[in-house]
Protein chains: 2
Amino acid sequence: MRKPTIQDVARQAGVGVGTVSRVLNNHVAVKGATRESVLKAISDLEYTPNPHARRIAGGKSYTISVLLPVLTTEFYVRLLDGLESAFQEARYDVAIFPLLDRSRLERYLGSHTLAYQADGLVMATYNLTQMFHERRLRTQQPTVLVDAYADNVDSSFMDNVAGGRLAGEYAAKLPGQLYAVWVETELDQLFTTRVFEDRRSGFMSEVQAAGRSVRAEYTSSFDSLAARNTAATLLDDAQAAGLPCTVFASADMLAGALLDEVRLRGLRIGQDVRVIGFDDQPWAAERGLTTLHQPVESMGYEAAQLLLSRLNGYKGPPRARRFEPRLIVRGSA
Amino acid sequence: MRKPTIQDVARQAGVGVGTVSRVLNNHVAVKGATRESVLKAISDLEYTPNPHARRIAGGKSYTISVLLPVLTTEFYVRLLDGLESAFQEARYDVAIFPLLDRSRLERYLGSHTLAYQADGLVMATYNLTQMFHERRLRTQQPTVLVDAYADNVDSSFMDNVAGGRLAGEYAAKLPGQLYAVWVETELDQLFTTRVFEDRRSGFMSEVQAAGRSVRAEYTSSFDSLAARNTAATLLDDAQAAGLPCTVFASADMLAGALLDEVRLRGLRIGQDVRVIGFDDQPWAAERGLTTLHQPVESMGYEAAQLLLSRLNGYKGPPRARRFEPRLIVRGSA
DNA sequence: TCCCTTTGTGGAACGGGTTCCACAGCCCGG
DNA sequence: CCGGGCTGTGGAACCCGTTCCACAAAGGGA
């Protein structure tokens, strides 16, 4: 049996095709009773609109490209959930582009692939808009940054400076020497993020304002081995200088490595060594990690709304949606 | 200025629209001279066909979904290169779906997202077809496995058993105790792969046939810290038992951890400790790693061809394209 | 040379939506 | 009670390719 079309629905409901289309797109000018009968016909026939017909008639692709770093963290799963729920409401499809490497990025955007055909672009964490200005990417779609910001495009992000400050404020009240460990930004200039820089500056300003000294020279890449090595070095120094101490780990991943290493040395978490993380990953609650929580879904949802309003013709200056982090105090600090 | 359509091209070239369409789709029945004039008109007008119109007219989505594990290894970049080059030739778009987690997979395939609309499915490394049979996924698109195999669907893969055998055969001739380290398959039952199992069975059979004993109880997950820990444990044992020794690492990632740990201990690679990897990642040449090379692009390209032939109506039984690994001998063993 | 195939080509019909115009019915003010 | 405007709705035109049918021209066999 043929897939039902909008014509079939119109016939079944005893209305015109225009009316069915109006119901599908939530146009206001459809009377309650008419709308009901259309909806009934739709469900009776199990009708689903043909997206390609829609695209060609509407002259748009109703597709959004999302460019993501390749990381399996819960963060991006939740971010996508937020993005997709908003785009789904507006009947947009989402195409995901994992940023595997530089050449692949250029291929994504430079040729006639899905990303190129999309009506809009979402960039997560990495701000690649500079490439547009350098004319290395020729895309001109409306763009929104999420988990990143810039003053020339719309953005939806958490205030990482504020997060750093919350951590700093809290840490400043704890006894013992203060330490901090940072994530190094990626090697490739292209894929950089200011997230960790911001966390750092917030933390440092607050701690210094409180007159506390910090040993903040520890860094690690986003890799479990590197994190563990850094944790070990830091704890060597801390043990040499004398416990207790407090460590701010600018990502839960680093905090996790610290917790492991602390346990390995038979030290007591929350007493000998206090650890403050950042991200509130799913395991953080389980392991009692004091950390900063981000409203990730909301960030995604709002990013989508910003982009959708551009697609609906909004022409104003770039807007920024700033979200506030929340310090979750658990046992680790 | 409006984007040129096929009508504009036809007018410019002084031919009918049907002819233009035939040229675009490489139908044979177009004379050389006519074809030339059409091609000239296309390039003069900078015409690019509207993919959505094509989809609706053709009744297909001309889109393939590729389901990938989320790993930044060179392997998947190359695999995608192979897949995309074949699909591009056939004028198919590729949509990538990183397998972030289970719920996301079900959402991808269960609802009316891009993956669902696609004409075909490529699954890399993970064989998720069992979910179709369990009715947990309702997709019925033609499917091809790449870097994985099963007897109920088309597949394109390297013979990992043969790779293991090559490694075993080579290792069996080297002096000292033999060791082997394996990658554990993922925890989630859904995302499993037989790749490492195969490498293991190939290696073991060859080594045992040569009458050599192996200490093959070492395993690690695909994580740098875990790999390093395993490497350390293995080398502790090896040093206790006496050098020289030879280690087969069933993934270059593990081999890399071994090389690091060997250097750390001041041992000589290729003399005290010989290491054989698997994958031939880009850094392997640089670090002189003896390893097994896979024709990754070809695997991807052939997988695409298998799928395309299904899309063109091929109805035969499942086919398997098996590729042979090649042992690259460098300094490490 | 004539008729019958091939071969190559033009163009209408078609796919399934959206949009816009026209019109019916209603409400309201004068 | 009538005309003007507003609201809600039907349906034709349109979006832009692919496909198929019809037909002209060229080639081949008798």
Side-chain angles (χ1 to χ4, degrees), chain A residues 1-39 41-42 45-63 90-93 112 117 119 311-313, chain B residues 1-39 41-42 45-63 90-93 112 117 119 311-313:
Chain A
M1 208 187 67
R2 216 180 79 270
K3 230 193 139 205
T5 72
I6 201 169
Q7 310 283 344
D8 301 325
V9 175
R11 203 174 312 121
Q12 172 98 355
V15 301
V17 291
T19 303
V20 178
S21 176
R22 265 162 247 146
V23 170
L24 286 171
N25 293 291
N26 284 318
H27 285 223
V28 274
V30 179
K31 246 196 210 154
T34 317
R35 152 175 260 106
E36 289 311 316
S37 71
V38 170
L39 290 175
I42 288 176
L45 295 172
E46 295 185 357
Y47 167 75
T48 50
N50 179 322
H52 306 306
R54 183 159 176 263
R55 294 192 241 265
I56 192 255
K60 298 195 271 183
S61 71
Y62 297 99
T63 301
R91 299 184 65 203
Y92 274 78
D93 273 323
H112 302 274
Q117 295 161 21
D119 296 331
L311 296 176
N312 291 329
Chain B
M1 208 186 68
R2 216 179 82 268
K3 229 193 138 203
T5 73
I6 201 171
Q7 309 284 345
D8 301 325
V9 175
R11 202 174 312 124
Q12 173 98 355
V15 302
V17 291
T19 303
V20 179
S21 176
R22 265 162 247 146
V23 171
L24 286 172
N25 293 291
N26 286 317
H27 285 223
V28 273
V30 178
K31 246 197 211 155
T34 318
R35 153 175 259 106
E36 289 310 316
S37 71
V38 169
L39 290 175
I42 287 175
L45 294 172
E46 295 185 356
Y47 166 75
T48 51
N50 178 324
H52 307 305
R54 182 159 175 264
R55 294 192 238 266
I56 192 267
K60 298 196 270 181
S61 71
Y62 296 100
T63 302
R91 298 184 66 204
Y92 274 79
D93 274 324
H112 302 273
Q117 295 160 25
D119 295 332
L311 295 176
N312 292 329

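Note on naming: letters A, B, ... go to the chains in the order of the sequence lines (proteins, then strands), and numbering restarts at 1 for each one.
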Please determine which of A/I42, A/V20, A/N50 meets the side chain to side chain contact (heavy atoms under 4.5 Å, CB included) test together with A/I6.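 The option that passes is A/V20.
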Spacing of [X] atom [atom1] relative to [N] atom [atom2], expressed in whole Å:
X	N	atom1	atom2	value
B/D8	D/dC15	CG	P	11 Å
B/L45	D/dC16	CG	C1'	15 Å
B/R55	C/dC14	CZ	C1'	19 Å
A/N50	D/dC15	CG	P	19 Å
B/H52	D/dG17	NE2	C1'	12 Å
B/H27	D/dG17	NE2	P	15 Å
B/I6	C/dG10	CD1	P	12 Å
A/Q7	D/dA13	CD	P	14 Å

Under 4.0 Å, heavy atom to any atom of DNA chain D: which of residues 14-24 of chain A qualify?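 DNA chain D contact set from residues 14-24 of chain A: A/G14, A/V15, A/G16, A/V17, A/G18, A/T19, A/R22.
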From the list C/dT18, C/dT9, D/dG17, which nucleotide is the closest neighbour of the side chain of B/R54? D/dG17
On a heavy-atom basis, which atom in [X] and which in [Y] lie closest, and how many Å separate them?
X	Y	result
B/A41	B/A13	CB-CB, 3.8 Å
B/Q7	B/V17	OE1-CG1, 3.4 Å
B/P49	B/K3	O-NZ, 4.5 Å

Name the nucleic acid region contacted by B/R91, choosing base, sugar-phosphate or nothing; use a 4.0 angstrom heavy-atom cut-off, strictly under. sugar-phosphate
Looking for any heavy atom pair under 4.0 Å, which part of the strands does B/Y62 touch: base, sugar-phosphate only, or nothing? nothing
Which residue lies more 5' along DNA chain C, comparing A/T5 with B/V30 via nearest heavy atoms: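 Between the two, 5'-proximity favours B/V30.
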Under 4.0 Å: is that the gap between some side-chain N or O of A/N25 and OP1 or OP2 of C/dT18?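 Yes.
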Between the two end axes of the helix from C/dT1-D/dA30 to C/dG30-D/dC1, each built from 5 base pairs, what angle do you get to the nearest 10°?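 The angle separating the two end axes equals 40°.
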Residue mapping more 5' on DNA chain D - nearest nucleotide basis, B/K31 or B/I56: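 Comparing both residues, the 5'-ward one is B/I56.
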Ion pair check, A/R54 and A/D93, cut-off under 4.0 Å: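 Looking at A/R54 and A/D93, the cut-off is not met.
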Would you check if A/L24 and A/Y47 make a side-chain contact, meaning some heavy-atom pair closer than 4.5 Å? yes
May I ask you to check whether B/R55 and B/T63 show a side-chain donor-acceptor distance below 3.5 Å?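 Distance-only check passes for B/R55 and B/T63.
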Answer yes or no: is there a donor N or O on one side and an acceptor on the other, between the side chain of B/D8 and the main chain of B/T5, under 3.5 Å? yes
Side-chain donor/acceptor of A/D119 to backbone N/O of A/Y62, under 3.5 Å: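 Present.
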